[in-house]
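Heads up: the structure comes next, in structure tokens.
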Amino acid sequence: MTNPSIKVRFAPSPTGELHIGGARTALFNWLFAKKQGGKFFLRIEDTDPERSQEKYTDQILESLTWLGLHWDQPVVYQSQRLDVYKERVKALTESGQVYRCFCSKADLLTARDAGHYQYPGTCRNLTEDEIKLRLNQGIGFTMRLRMLEGKTTYKDLIYGDICVDHKELDDFIIVRSDGSPTYNFVVVIDDHDQDITHVIRGEDHVSNTPKQILIYKALGFTEPIFAHLPMILGHDKKRLSKRHGAPGVQNFRDDGYFPESLLSYLALLGWNPGTEKEVFSLDELVENFDLSQVQKKGAVWDEKKLHWISGQYVMNASTEFLLESVRSIHPDWGKGSAISFLISIIELLKVRAKSFTEFINQSEYFFHDPESYDKAGLKKWWKDESANERVSAFLPYCEKITNWRKEDLEIAFKSFAESNECGLGKIIMPIRMAVCGTPNGPSIFEILELLGRDKTIHRIETALDKLPG
RNA sequence: GGCCCGUUCGUCUAGUGGUUAGGACUCCAGGUUUUCAUCCUGGCAACAGGAGUUCGAUUCUCCUACGGGCUACCA
């Protein structure tokens with residue numbers, strides 16, 4: 001089921017970095033396009049000079065690139081299309097579908113406070129003379145769309161039929177008093193000019209869609225197909241925002257998540273293929289994606305599940321790829337160590353790390369002697385001087401090992417435990433504390449093998465000096 | 001205030017006019033392990049409420065409640 005003529009777009013406004021909701025909208029557009037062999041475009045909606053900032057544009061582009069959501073044509077900037085919009089306004093004015101409104105912001109506000117939620121139509125039917133008079137007086141004006149009686153219906157790919165009576169829509173503003181066009185107006189022109197076939201965006205636009213359809217009609221354009229995605233919610237079921245501490249996409253990169261993990265989690269938020277599969281590769285996502293299986297209700301953001309999915313990816317990734325990925329975020333990690341050493345570390349840690357930053361944190365003791373010892377670990381495994389005695393007694397065993405390999409190390413530990421009639425843990429755990437500073441981690445035999453005899457003995461002696469005090 | 005949309009375990013969700021309402025995350029218990037993680041086993045936990053249609057409704061219809069969105073010279 002391919003359709004190469006399909007064109008979709010992601011159209012963020014650069015008023016902040018790319019957030020979770022935006023990323024998912026972009027993803028669904030992208031998946032929809034890929035699945036059918038269509039095109040995915042990117043457009044920056046920067047018509048609001050007050051809030052738009054170039055640095056955010058750069059960040060958004062960067063985030064999308066990191067996610068791997070590549071776009072098929074040069075980015076379109078609305079701020080560079082102002083002339084196009086002007087032409088359209090002119091045409092609409094000449095045909096009488098748009099008119100000047102001289103009402104001041106203050107007037108409109110007082111009217112609203114008085115309970116009139118809609119524009120009362122004050123300037124709807126001004127005569128030529130009245131308009132000239134106001135123009136001569138230098139009164140600023142906005143342009144409004146003249147709403148006609150009737151109803152507008154459209155078929156939403158996700159929400160089904162949506163019908164709104166024009167009575168509910170007032171003559172909304174399409175050009176501000178400073179001459180800049182508003183969103184609901186330019187979005188139509190851009191989507192038309194870019195030949196967009198499917199407009200896939202957030203549910204917050206459902207109510208805007210009838211207005212936009214009216215613009216399509218006024219301009220004589222054929223409208224695209226619309227699909228609205230449910231919102232992503234915070235734990236209080238309100239739309240996810242910075243208030244919830246929701247991080248931008250950049251943060252996930254910095255925290256060492258695979259883009260694929262984030263994307264996969266995002267995809268399952270509001271969509272699922274109806275199978276019991278939980279972890280998808282990007283290709284599988286593309287293959288399975290279908291708008292008809294998108295949920296209508298908002299979905300609560302759950303960091304824990306993302307964390308779990310991320311763990312799945314890390315666990316299943318190849319060690320070489322992990323090394324490459326860790327290094328791309330933290331170029332200094334393991335600097336000066338042999339690649340084979342780093343590969344071994346990752347091999348040991350990949351089943352325990354959920355992100356690259358966890359690799360960094362958990363691998364500390366492979367590179368540096370512990371500076372402190374985990375308190376809870378000490379309490380359990382190095383309570384008193386008896387631990388010192390045991391660990392000291394173990395040192396000669398270390399000296400005796402001819403092949404410093406995990407197999408021989410294991411034999412040494414076991415024979416120590418046997419001849420001292422203590423459990424294996426009684427000797428392993430204190431050694432672990434001495435060498436790693438923490439009770440948690442991979443097999444001690446593997447750690448010691450990697451560290452080598454000298455470092456091991458050195459760390460044990462240091463610990464004997466410092467502990468238990 | 002008006003209009004639009006939504007409502008299955010705490011969360012993401014599957015599903016059907018007749019099911020022990022399924023899976024996943026989380027949480028809990030047990031097993032494996034030197035520890036942690038992994039892995040395995042098991043457990044807790046849901047059809048918002050009320051009418052109607054029907055032999056039978058979680059499923060269809062209506063109402064209510066609750067939640068969300070829009071109602072900007074934001075997008």
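Below, chain A is the first sequence line, B the second, and so on; all start at residue 1.
Taking only side-chain nitrogens and oxygens, Arg51(A) never comes nearer than 4.0 Å to OP1 or OP2 of rA75(B). Under 4.0 angstrom from either OP1 or OP2 of rA37(B) there lies no side-chain N or O belonging to Asn440(A). Contact between the side-chain N/O atoms of Thr47(A) and the OP1/OP2 oxygens of rA75(B) is found at a separation under 4.0 Å.
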With B for base contact, S for sugar-phosphate-only contact and - for none (protein heavy atoms under 4.0 Å), nucleotides 39-50 of chain B reads ------------
Encode nucleotides 22-30 of chain B as B, S and - characters from 5' to 3', where the letter depends on protein heavy atoms closer than 4.0 Å: B to the base, S only to sugar-phosphate, - to neither. SBBSS----
Between protein and nucleotides 2-9 of chain B, map the contacts as a letter string: B base, S sugar-phosphate only, - none, heavy atoms under 4.0 Å, written 5' to 3'. SSSSSSS-
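For rA14(B), the base has no donor-acceptor partner in the side chain of Asn272(A) [N/O atoms by modelled type, under 3.5 angstrom]. If you check distances only, the side chain of Ser443(A) does reach the base of rU34(B) with a donor-acceptor pair under 3.5 Å.
Here, rU20(B) and rG6(B) have their C1' atoms 30 Å apart, quoted to the whole Å. For the P atom pair drawn from rG15(B) and rG23(B), the interatomic distance equals 15 Å after rounding to whole Å. The P atoms of rC12(B) and rG50(B) are separated by 24 Å, rounded to the nearest whole Å.
Sorted by residue number, the members of residues 347-359 of chain A with any non-hydrogen atom under 4.0 Å from RNA chain B read Val351(A), Arg352(A), Lys354(A).
Applying the ring pair (Phe, Tyr, Trp, His ring centres under 6.0 Å) rule to Phe394(A) yields the partners Tyr397(A), Phe413(A), Phe416(A); only residues at least two apart in sequence or on another chain are considered. Residues meeting the ring pair (Phe, Tyr, Trp, His ring centres under 6.0 Å) test with Phe366(A), sequence neighbours left out: none. Scored by the ring pair (Phe, Tyr, Trp, His ring centres under 6.0 Å) test, His198(A) finds Phe32(A) as partners (sequence neighbours excluded). With sequence neighbours excluded, the residues that form a ring pair (Phe, Tyr, Trp, His ring centres under 6.0 Å) with Trp333(A) are Phe367(A). In this structure Glu303(A) satisfies the salt bridge (Lys or Arg N to Asp or Glu O under 4.0 Å) test with no other residue, sequence neighbours excluded.
Side-chain N or O atoms of Arg43(A) include none that pairs as donor or acceptor with a backbone N or O of Arg9(A) at under 3.5 Å.
Note: Phe289(A) and Phe28(A) meet the aromatic proximity criterion, with ring centroids under 6.0 Å apart. Taking the six-membered ring for Trp, His192(A) and Phe221(A) have ring centres closer than 6.0 Å.
The side chain to side chain donor-acceptor pair (under 3.5 Å) pairs that include a residue from residues 368-379 of chain A are Asp369(A)-His458(A), Asp369(A)-Arg459(A), where partners are two or more places apart or lie in different chains. The list of side chain to side chain donor-acceptor pair (under 3.5 Å) pairs with a residue in residues 342-351 of chain A, not counting sequence neighbours, reads Thr319(A)-Glu347(A), Thr319(A)-Lys350(A).
Counting only heavy atoms from C-beta on, Arg144(A) has its side chain closest to rC73(B) among rC73(B), rG68(B), rU13(B).
Across every strand in view, rG6(B) sits in a pair with rC66(B) that passes the Watson-Crick or G-U test at under 3.5 angstrom.
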Atom pairs and distances, donor-acceptor, side-chain atoms in residues 292-302 of chain A, under 3.5 Å, two or more places apart:
residue: Ser292(A); atom: OG; partner: Asp290(A); partner atom: OD1; Å: 3.2
residue: Ser292(A); atom: OG; partner: Asp290(A); partner atom: OD2; Å: 3.2
residue: Asp302(A); atom: OD1; partner: Lys304(A); partner atom: N; Å: 3.1

